[in-house]
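Right, one structure below, let's go through it.
If you're wondering where the values come from, they're calculated on a predicted model, not measured in any experiment.
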Amino acid sequence: MASQAAEALQAGRHWEDKPNAGFSGTPLWKLKAQAQQQAGAAGPLKVPEGFKKVGDGNGMYYNDKRQVYWNSTTGLTMIYDAVMQKYAQLYDGLSSEMRIAVGSCFHEKAIQVRQVIVKDLRGFGQALRMSIEHLDRPCALYALYEGHRGKPGAGVANSCAEYCAKNLHQKLLSKLAAFRGYWEDARLEVAMRESFEELDAEFLEKHPGLPDGCCASVALVTGTRVVVASLGDVASVVIHRNGEAEELVKAHAVPGEDDDDDDDEDEAEEAPAAREAPPIKWTRSFGDSDFKKKDSSPRLLATPDVKVLQLVPSHLGIAFVCRALYNAIGRSTAVSTVSKRCAPRTRMAAGALVDAAVQWLGQVGGDLGLGSVVVFFDRIESPDAPPQKKAKKEDPTQVRLRHILLKHKECKSTIDKVRNKQVKRTRGEAERLLRAVLEECQNDPNQKIFTQRCKDLSECQTCLKAGELVGDLSWVKPGKYGQNFDDIAFALSVGQLSDLVDTDQGIHVILRSA
């Protein structure tokens, strides 16, 4: 059996180097339908078109174009698992009704921090000719990279964080595309660890002697599973709907004065003697080449801790938070409190975390990483629950909207036509003003505060309308204000306020009125 499989594999060995192999050809549903139809008929199963027999007596047929096997005994479409050295059934990813909202916020001075948000990883894979149709849906990836030891004055604030943000998700994607069977938890964990370690080795090879390093937290969502990989001391927090929250992984760093100490007595004994500062505070990280040599002391690793989280209805979301911000606001308790108050508005939540840290710290230094990525989940299906009828989905062709618009220096037009003046505020300042509006409108069912703030702040001429038409955009059809605007506006229910929404006009808060 093994020799026959190896012989067939040799004929189409290039599937390992071309993870998009099998992207075109006969649809999987059609092959399954054919197999089921043939299984019920008397006599031997008919070999599907394009398959040729391989080996002797094992009943396996091979399609070189699609890089798949067909089992004449079971009628199933198979692939050869080169890792486990055996055949595995080709898997067709399942869809979940779960909804995901993601948002982020970073202080203007957090120049060594990078984020990656891929809302549709399958579509991203298609664009790169790497099919991951076998992964459950929704399929997304979110990452926060907090750089350290970089030299902002050298052009790139942190080469390591920049390199990781550009390359890690693509490296992971190629691994996910290479195996088209069902991805068990253990296999996902291995793929994530290998992606981290290989990326670190590549960075060190391409940038020898560069001191730049970074910590990272990365989440891969596939169906109702979330694979979280953590390296360094970015906090990876799981948030529950009952108000509880906890870090998934312990920080890979030498404990500092802001960290909790489980043994108060030991802390009291050590207090009189000042602790000697370590040469580097992290125990694991990307980069930091001078601490990755064989004779380095300490010697840092690039192996992340990986956890697979099976989502259940009690989960509200996850948050990746830079360590300085996390310690300043009060750690997991503060993350949970802010998340419950702001849900389902992720950008509002991420910004509120940064605002709280700035308020506590007073002054923000140039090397202080203040940033967060917040993800909220909704309509999570319990794995043990019986099948439910799909909720009736509203799909309006037009919606009636009101909005508050604030411009900033990066807008296409920076003229406030309401007050006839140039807008000089930064994007961050515009976001802070609108977050404050959302906070005020949390308990305002009659939208009186929204109406007043629209009159006071909005830089769209619709704020000059009278009465309940203040800020009214009238009936809006898809395409008028861009895809990002449509995705949020058409998902609102009547009377619901949106999160912060970006367009080339500025930043909006939208209220659906009909």
Go through Val226 and Leu220 one step at a time and tell me if the side-chain contact (heavy atoms from CB on, under 4.5 Å) criterion holds. CA-CA 6 Å; Val226 183; Leu220 168 68; over 6 Å; no
Please test Asp472 against Arg400 for side-chain contact (heavy atoms from CB on, under 4.5 Å), starting from the C-alpha separation and ending with a verdict. CA-CA 8 Å; Asp472 183 50; Arg400 188 74 181 257; 2.9 Å; yes
Between the side chains of [X] and [Y], is a donor N or O closer than 3.5 angstrom to an acceptor N or O?
X      : Y      : result
Asp487 : Gln483 : yes
Glu431 : His408 : no
Gln447 : Glu468 : no
Arg137 : Ser95  : yes
Ser96  : Thr224 : no
His207 : Ser159 : no
Asn158 : Glu162 : no
Thr451 : Arg402 : yes
Arg345 : Gln442 : yes

Might you work through the salt bridge (charged side-chain N to carboxylate O under 4.0 Å, His left out) test for Glu247 and Arg331, ending with a clear yes or no? CA-CA 9 Å; Glu247 278 193 74; Arg331 304 167 74 83; 3.8 Å; yes
Over all heavy atoms of both residues, which pair between [X] and [Y] is shortest? Give the atoms and the distance, please.
X      : Y      : result
Ala251 : Arg323 : CB-NH2, 3.5 Å
Val418 : Cys460 : CG2-O, 3.4 Å
Phe376 : Cys342 : CE1-C, 4.5 Å
Val338 : Ala349 : CG1-O, 3.6 Å
Ile488 : Ser498 : CG2-CB, 3.7 Å
Val501 : Phe485 : CG1-CA, 3.9 Å

Side chains of residues 284-291: which donor-acceptor partners sit under 3.5 Å, not counting sequence neighbours?
{"residue": "Arg284", "atom": "NH1", "partner": "Thr303", "partner atom": "O", "Å": "2.8"}
{"residue": "Arg284", "atom": "NH1", "partner": "Asp305", "partner atom": "OD1", "Å": "3.3"}
{"residue": "Ser285", "atom": "OG", "partner": "Asp288", "partner atom": "OD2", "Å": "2.5"}
{"residue": "Asp288", "atom": "OD1", "partner": "His148", "partner atom": "NE2", "Å": "3.3"}
{"residue": "Asp288", "atom": "OD1", "partner": "Arg149", "partner atom": "NH1", "Å": "3.0"}
{"residue": "Asp288", "atom": "OD2", "partner": "His148", "partner atom": "NE2", "Å": "2.8"}
{"residue": "Ser289", "atom": "OG", "partner": "Leu210", "partner atom": "N", "Å": "3.4"}
{"residue": "Ser289", "atom": "OG", "partner": "Leu210", "partner atom": "O", "Å": "2.8"}
{"residue": "Asp290", "atom": "OD1", "partner": "Arg149", "partner atom": "NH1", "Å": "3.0"}
{"residue": "Asp290", "atom": "OD2", "partner": "Arg149", "partner atom": "NH2", "Å": "2.8"}

Any salt bridge between [X] and [Y], counting N to O under 4.0 Å?
X      : Y      : result
Lys448 : Glu440 : no
Lys281 : Asp233 : yes
Lys417 : Glu459 : no
Glu108 : Arg432 : yes
Arg427 : Glu410 : yes
Glu194 : Lys171 : no
Lys175 : Glu198 : yes
Asp416 : Lys407 : no
Asp200 : Lys292 : yes
Arg341 : Glu439 : yes

Kindly compute the distance separating [atom1] ([X]) from [atom2] ([Y]), expressed to the nearest 0.5 Å.
X      : Y      : atom1 : atom2 : value
Ser332 : Tyr326 : OG    : OH    : 4.0 Å
Ser104 : Arg347 : OG    : CZ    : 7.5 Å
Glu202 : Leu204 : CD    : CG    : 10.5 Å
Leu309 : Ser236 : CG    : OG    : 11.0 Å
Leu135 : Leu188 : CG    : CG    : 7.5 Å
Trp282 : Leu301 : CH2   : CG    : 15.5 Å

Any side-chain to backbone donor/acceptor pair from [X] onto [Y]? Under 3.5 Å, distance only.
X      : Y      : value
His107 : Lys109 : yes
Arg512 : Leu492 : yes
Asn484 : Thr503 : no
Thr346 : Gly103 : yes
Asp444 : Ile449 : yes
Thr426 : Glu429 : yes

Partners meeting side chain to side chain contact (heavy atoms under 4.5 Å, CB included) with Ala350 (sequence neighbours left out):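 Partners of Ala350 under the side chain to side chain contact (heavy atoms under 4.5 Å, CB included) test: Cys105, Ser372, Val374.
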Flag side-chain contact, heavy atom, 4.5 Å: [X] against [Y]:
X      : Y      : result
Val358 : Leu370 : yes
Leu300 : Thr283 : no
Tyr145 : Gln115 : no
Leu311 : Phe377 : yes

Under the side chain to side chain contact (heavy atoms under 4.5 Å, CB included) test against Glu246, which residue among Val237, Val335, Val238 passes?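 Going through the options one by one, the only one that passes is Val238.
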Taking the six-membered ring for Trp and the single ring otherwise, decide whether the centroids of Phe124 and His169 are under 6.0 Å apart.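 Yes: the rings meet the under 6.0 Å criterion.
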So Arg193 and Glu197, salt bridge (charged side-chain N to carboxylate O under 4.0 Å, His left out) or not? Walk me through it. CA-CA 6 Å; Arg193 288 193 192 97; Glu197 292 170 344; over 6 Å; no
Does the side-chain contact (heavy atoms from CB on, under 4.5 Å) test come out yes or no for Val373 and Phe106, once each step is laid out? CA-CA 9 Å; Val373 175; Phe106 301 90; 4.2 Å; yes
Go through the steps to decide whether Leu231 and Phe196 satisfy the test side-chain contact (heavy atoms from CB on, under 4.5 Å), and finish with yes or no. CA-CA 9 Å; Leu231 185 72; Phe196 272 61; 3.9 Å; yes
